[in-house]
Structure formats: C-alpha cells, structure tokens
Amino acid sequence: MKNRSLKALLSWLAIILIQILVSYQYHPNSTLWIIGTILATGLTALVFWSATRISGPAVFLKVAVVAMVAAFMNSQAMDVAYSLLRAPAGNRLDLIFEVLLFGLLFLGLTLASKALILGSKKNK
C-alpha cells in the first residue's frame, strides 16, 4: 500500500510539472499560465478518474474520447480566461489542433500514470 501511494504521489507530481512546463510555453502571461496549469491538471485528473472506471471492450477508445472531450473543455475554458483578461491569443493554435494536442497530452499522462500506479493486473 505504501509503495502504491508513493507511486501515485510521484506520478501526480510529474503530471503537475509537465502541465506547468506546457502551460508556461503556451500562454503569454503568468496569470494565464497558472490558470492553464490548474485547469489542465484538473482535467487530467478527470480523465484519469474516468479511465479507472471504464471497463469492457474498447477501453482505449473510450478513454481517448473522454480525453478529447476534456481537451475541448480546456480550450473553451481558456477562451473564456483569455477574454476576461483581455489577453492576446498570440501563439494559441486553432481549435482543432489545440484540442487534438491537449487530448493526446491528457490521454498520454493518464495512461502512463494509470500504468505506473495501478500496474498490470495479474491473474491469480
């Protein structure tokens, strides 16, 4: 149990660090950087939580759909944040590319942390 908790802690610290780096490179100011980090980390947690509850056939496909929906939610929320802060959209990608890239990021981080934390289930 202690080993699993340590793996979970390290996994989420790595996810937060990756989200900080991605957000820092992607957003033009520190306020949007913090908002983007918090939002992306929360949505990664949502995708991870969903991935632990999805079972049956086509698990990967179902988790990928959840990740893409979370990425769309991220894009829309960041649009609101940019509008409220009157920030220039400068280096933001078009919607389809932003959703695709963030969806792949959420999916990759979820699958990596799920594999690390839960490990493979062995048949007894």
The test is side-chain contact (heavy atoms from CB on, under 4.5 Å); show your working for V80 and L84 and say whether it passes.
CA-CA 6 Å; V80 171; L84 290 175; 3.9 Å; yes
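If you take OG on S11 and CZ on F48, they are separated by 6.5 Å, rounding to the nearest 0.5 Å. One finds the NE2 atom of H27 at 9.0 Å from the CD1 atom of I35 (value rounded to the nearest 0.5 Å). The CG atom of L104 sits 5.0 Å away from atom CG of L100, with the distance rounded to the nearest 0.5 Å. The distance from atom CZ of F102 to atom CE of M78, rounded to the nearest 0.5 Å, is 8.0 Å.
For the pair S23 (side chain) and W33 (backbone), a donor-acceptor distance under 3.5 Å is present. Panel note: side chain N29, backbone T31; a donor-acceptor pair is recorded below 3.5 Å. A donor-acceptor pair is defined here as one N or O able to donate and one able to accept, closer than 3.5 Å; such a pair exists between the side chain of S113 and the backbone of T110. Of the possible donor and acceptor atoms, none in the side chain of Y24 sits under 3.5 Å from a partner among the backbone N and O of T37.
A71 approaches G103 most closely through the heavy-atom pair CB-N, 3.3 Å. The minimum heavy-atom distance linking L32 with A87 is given by the pair CD1-CB, 3.4 Å. The nearest pair of heavy atoms linking A70 to L43 is O-CD1, 3.3 Å. Closest non-hydrogen pair, F72 versus V99, comes out as CA-CG2, 3.8 Å. Contact record, Y82 with R92: CZ-CD, 3.3 Å, taken as the closest heavy-atom pair.
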Taking only distance into account, with no hydrogens and no angle test, what donor-acceptor pairs under 3.5 Å do side-chain atoms of residues 51-63 form with protein atoms, sequence neighbours excluded?
| from | atom 1 | to | atom 2 | distance (Å) |
| --- | --- | --- | --- | --- |
| T52 | OG1 | W49 | O | 2.7 |
| K62 | NZ | P57 | O | 3.4 |

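In the hydrophobic clustering of ILVMFWY residues, with side-chain heavy atoms under 4.5 Å counting as a link, L46 and L105 come out together. Each of M68 and L107 belongs to its own hydrophobic cluster when Ile, Leu, Val, Met, Phe, Trp and Tyr are linked at side-chain heavy-atom distances under 4.5 angstrom. Put simply, V69 and V47 are part of the same group of oily side chains (I, L, V, M, F, W, Y) that touch within less than 4.5 Å, one to the next.
Between E98 and S75, the side chains place a donor N or O and an acceptor N or O closer than 3.5 Å (distance only, hydrogens not considered).
Taking F97 as the reference, nothing meets the ring-ring contact (aromatic ring centres under 6.0 Å, His included) condition, with sequence neighbours excluded.
Side-chain contact between L39 and M73 is absent, with no heavy-atom pair separated by less than 4.5 Å. Side-chain contact between L95 and Q76: present, with at least one pair of heavy atoms (C-beta onward) separated by less than 4.5 Å. Residues L17 and L13 form no side-chain contact, since every pair of their non-hydrogen atoms from C-beta on lies 4.5 Å or further apart.
Screening L10, I20, T44 against I15 for a side-chain contact (heavy atoms from CB on, under 4.5 Å) leaves a single residue, T44.
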